[in-house]
Protein chains: 2
Amino acid sequence: MDVGQINVQRQNGVALWRQIADRIRASIANGEYDATGMVPPEMVLAAQFGVNRHTVRSALAALAQEGIVRAMQGRGTLIERKERLNFPISQRTRFTEGIGDQARKKEGLLLSSAEEPAPAALASSLRIAEGAPVIRLETLRKADRRPVSRSTNWFPAGRFAGMKEAYEASGSITAAFQALGLSDYWRFSTEITATHADGADLADLQLSPGAIILVARALNVDPDGVPVQYAVSRFPADMVQFTIAN
Amino acid sequence: MDVGQINVQRQNGVALWRQIADRIRASIANGEYDATGMVPPEMVLAAQFGVNRHTVRSALAALAQEGIVRAMQGRGTLIERKERLNFPISQRTRFTEGIGDQARKKEGLLLSSAEEPAPAALASSLRIAEGAPVIRLETLRKADRRPVSRSTNWFPAGRFAGMKEAYEASGSITAAFQALGLSDYWRFSTEITATHADGADLADLQLSPGAIILVARALNVDPDGVPVQYAVSRFPADMVQFTIAN
DNA sequence: TATGGTTGTCTATATTAATAGACATTTGAG
DNA sequence: CTCAAATGTCTATTAATATAGACAACCATA
């Protein structure tokens with residue numbers, strides 16, 4: 001096997017151990033170590049990355065902290081978890097259905113809620129008057145007990161007055177809409193960007209600092225094309241991918 | 001104006017100055033400093049982030065290196081560049097058209113090319129036999145002389161034998177397809193993930209280490225639904241966003 | 001032209017990241 | 001049992017990161 005030197009950048013604000021941890025995490029997600037179910041030995045990784053073994057150990061310790069690997073003295077470092085949830089994005093995008101059977105247990109938790117006047121940009125998206133009341137729900141979604149996204153959702157307050165209670169009862173936006181008389185809705189548009197995790201991401205999504213967040217800004221409309229929800233959702237980038245099928 | 005403390009993480013593999021540089025870059029892209037066209041004074045930023053002024057200076061120096069800001073002694077730090085290109089993703093996704101008038105000058109450069117046998121996963125996507133010959137083009141796309149994506153493109157070698165020359169001549173996949181007799185094609189599917197920039201990203205896209213990359217894996221098909229191109233494109237996350245309109 | 005606000009530069013110190021080497025401990029296989 | 005291979009732990013040193021303080025240089029403007 002040819003073992004080319006793998007490129008890492010020095011002296012540039014991102015510690016070597018973190019760069020290496022990110023690479024190994026990606027390799028695990030890509031199935032590169034599926035043959036053995038283990039990460040290569042520390043000395044091998046150190047040679048591949050051209051760093052000291054202790055630096056590799058720092059990277060592996062971070063991955064162990066995330067629950068991705070588990071080091072076993074005398075044996076090697078086992079891969080514990082290897083997951084990347086796929087979220088299809090289409091006209092009928094729904095979180096719970098989208099996960100499908102990729103996870104057994106799906107949860108939606110309400111972190112907080114408020115009623116507030118819509119700022120200009122939001123009002124424009126929802127096609128309501130600036131300052132008109134909107135209901136804001138901060139939610140956390142989990143799959144198999146692991147947090148996979150945190151979202152801020154806005155709804156026109158006039159039309160969906162009981163949104164908070166309906167979501168709390170069901171843990172699902174789709175179910176809440178149905179409880180409030182909206183049986184169907186469509187995804188009108190989705191914007192996707194990426195950024196570094198902020199403090200709230202780290203806490204709510206149980207990430208380690210330096211993690212990457214995929215941000216999806218979505219507008220949902222009813223069958224008549226009237227906006228019913230604007231949502232900003234943040235996903236850990238190493239756990240999910242989006243698929244757009246045309 | 002209330003100036004809440006902005007959260008930065010210590011001792012976690014990403015240097016404070018880099019975290020702060022990333023935040024300021026994002027704030028610039030979000031238009032938060034449009035009123036003045038300048039970044040707040042170093043002392044103000046230091047207070048906001050809860051760090052020493054020298055740490056903020058390191059962050060600003062990095063942004064100046066990227067050409068995003070320019071410090072002027074006695075006056076302040078001017079915002080030089082503020083861009084986030086929007087890429088619509090749809091059935092008719094095309095790079096050049098997608099940018100539209102967001103940039104004046106659009107270029108497509110061929111970095112390298114090769115003909116090689118298709119590995120299993122690629123062959124499956126392109127619906128050809130494993131090991132069948134494919135043409136691989138490594139390309140770099142620029143808008144207004146700034147690199148905005150680097151892509152690896154695969155085409156079935158039998159059908160698109162002159163792809164390399166056609167692309168070199170036009171700098172456009174769409175034009176190359178037309179030159180080879182394919183007048184129209186559709187985007188069949190797109191997968192989007194995010195990761196840290198690797199060494200090649202840093203070099204080709206002129207990024208600073210720690211930058212985030214949006215990765216799009218796309219399959220294009222001809223009007224009969226036959227796959228004609230599989231592409232993996234990498235975009236600097238702080239320069240672009242994807243929009244999916246349904 | 002005097003002043004306040006801003007960036008530029010310098011010195012010094014403490015903490016963190018990375019390297020280097022040595023040796024202990026555990027496991028699996030011969 | 002013995003040995004090779006792998007992870008665990010320890011000490012020491014160097015380089016990078018971050019803080020602290022002082023003052024110079026420059027700019028706009030009152």
Side-chain angles (χ1 to χ4, degrees), chain A residues 1 3 5-24 33 35-65 68-80 208-210, chain B residues 1 3 5-24 33 36-65 68-80 196 208-210:
Chain A
M1 192 198 304
V3 181
Q5 183 93 356
I6 299 175
N7 204 337
V8 285
Q9 309 292 320
R10 284 159 195 266
Q11 308 176 1
N12 285 91
V14 182
L16 289 179
W17 64 263
R18 173 142 294 285
Q19 296 181 54
I20 291 168
D22 292 337
R23 295 296 187 86
I24 295 174
Y33 305 138
T36 60
M38 301 180 77
V39 166
E42 294 168 354
M43 288 299 291
V44 174
L45 289 170
Q48 279 181 5
F49 289 105
V51 301
N52 191 276
R53 177 179 159 233
H54 294 294
T55 307
V56 169
R57 284 180 60 77
S58 297
L60 291 174
L63 295 178
Q65 189 71 23
I68 291 176
V69 301
R70 183 158 47 106
M72 304 196 69
Q73 188 169 350
R75 296 185 57 194
T77 302
L78 276 66
I79 295 170
E80 286 275 281
S208 50
Chain B
M1 194 197 306
V3 181
Q5 182 95 355
I6 299 176
N7 203 337
V8 285
Q9 310 290 324
R10 285 161 195 266
Q11 308 175 0
N12 284 91
V14 182
L16 289 180
W17 64 263
R18 174 140 294 287
Q19 295 180 54
I20 291 168
D22 292 337
R23 295 293 186 87
I24 295 174
Y33 306 137
T36 60
M38 301 181 79
V39 167
E42 294 168 353
M43 289 300 290
V44 173
L45 289 171
Q48 279 180 6
F49 289 105
V51 302
N52 191 277
R53 176 177 160 235
H54 293 295
T55 308
V56 169
R57 283 180 59 78
S58 296
L60 291 175
L63 294 178
Q65 189 70 23
I68 291 176
V69 301
R70 183 158 47 106
M72 303 196 70
Q73 187 168 350
R75 295 186 56 193
T77 302
L78 276 66
I79 294 170
E80 286 275 281
H196 282 112
S208 50

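Proteins get letters first, then strands, A, B, ... in listed order; numbering begins at 1 in each.
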Of all residues at least two apart in sequence or in a different chain, which pass the salt bridge (charged side-chain N to carboxylate O under 4.0 Å, His left out) check with B:Arg53?
B:Glu42
By side-chain hydrogen bond (donor to acceptor under 3.5 Å, both in side chains), B:Arg75 pairs with (sequence neighbours left out) none
Are any of B:Thr77's side-chain N or O atoms less than 4.0 Å away from OP1 or OP2 of C:dT7?
yes
The side chain of A:Pro41 lies closest to which of these nucleotides: D:dA6, D:dT9, C:dG8?
D:dA6
When the distance from CZ of A:Arg18 to P of C:dA18 is rounded to whole Å, what number comes out?
11 Å
Just wondering, do B:Val44 and B:Pro41 contact through their side chains at under 4.5 Å, heavy atoms?
yes
Please say whether more than 12 non-hydrogen atoms of neighbouring residues, nucleotides or ligands are located less than 6.0 Å from CE in B:Met43.
no
From CZ of A:Arg57 across to P of C:dA17 the rounded distance in Å is 16 Å
A:Ala71 side chain, from C-beta outward: closest of C:dA18, D:dG8, C:dT9:
D:dG8
Ignoring the backbone of A:Val51, work out which of C:dT19, C:dT9, D:dA6 is nearest its side chain.
C:dT19
Side-chain touch B:Met72/B:Thr77, heavy atoms, less than 4.5 angstrom:
no
Specify the closest pair of heavy atoms between A:Ser58 and A:Trp17, including all atoms of both residues, with the distance to one decimal.
CB-CB, 3.5 Å
Protein-to-nucleotide contact annotation, 5' to 3' order, nucleotides 21-30 of chain D [B base; S sugar-phosphate only; - none; under 4.0 Å, heavy atom]:
BB--BBSS--
Nearest-Å distance, CG (B:Leu16) to C1' (D:dT17)?
8 Å
Applying the side chain to side chain contact (heavy atoms under 4.5 Å, CB included) test to A:Leu45, which of A:Val51, A:Ile24, A:Thr55, A:Ile20 qualifies?
A:Ile24
Measure the distance from CE on A:Met43 to P on C:dA20 and round it to the nearest whole Å.
11 Å
So which nucleotide from D:dA18, D:dG8, C:dG8 ends up closest to the side chain of B:Ala15?
D:dA18
Give the rounded distance in Å between these two atoms: CG of B:Leu78 and C1' of C:dT7.
12 Å
Let me know the distance between CE of B:Met38 and P of C:dG5, rounded to the nearest Å.
15 Å
Let me know the distance between CD1 of B:Ile20 and C1' of D:dT17, rounded to the nearest Å.
12 Å
Between A:Glu42 (CD) and C:dT26 (P), how many Å, whole number?
16 Å
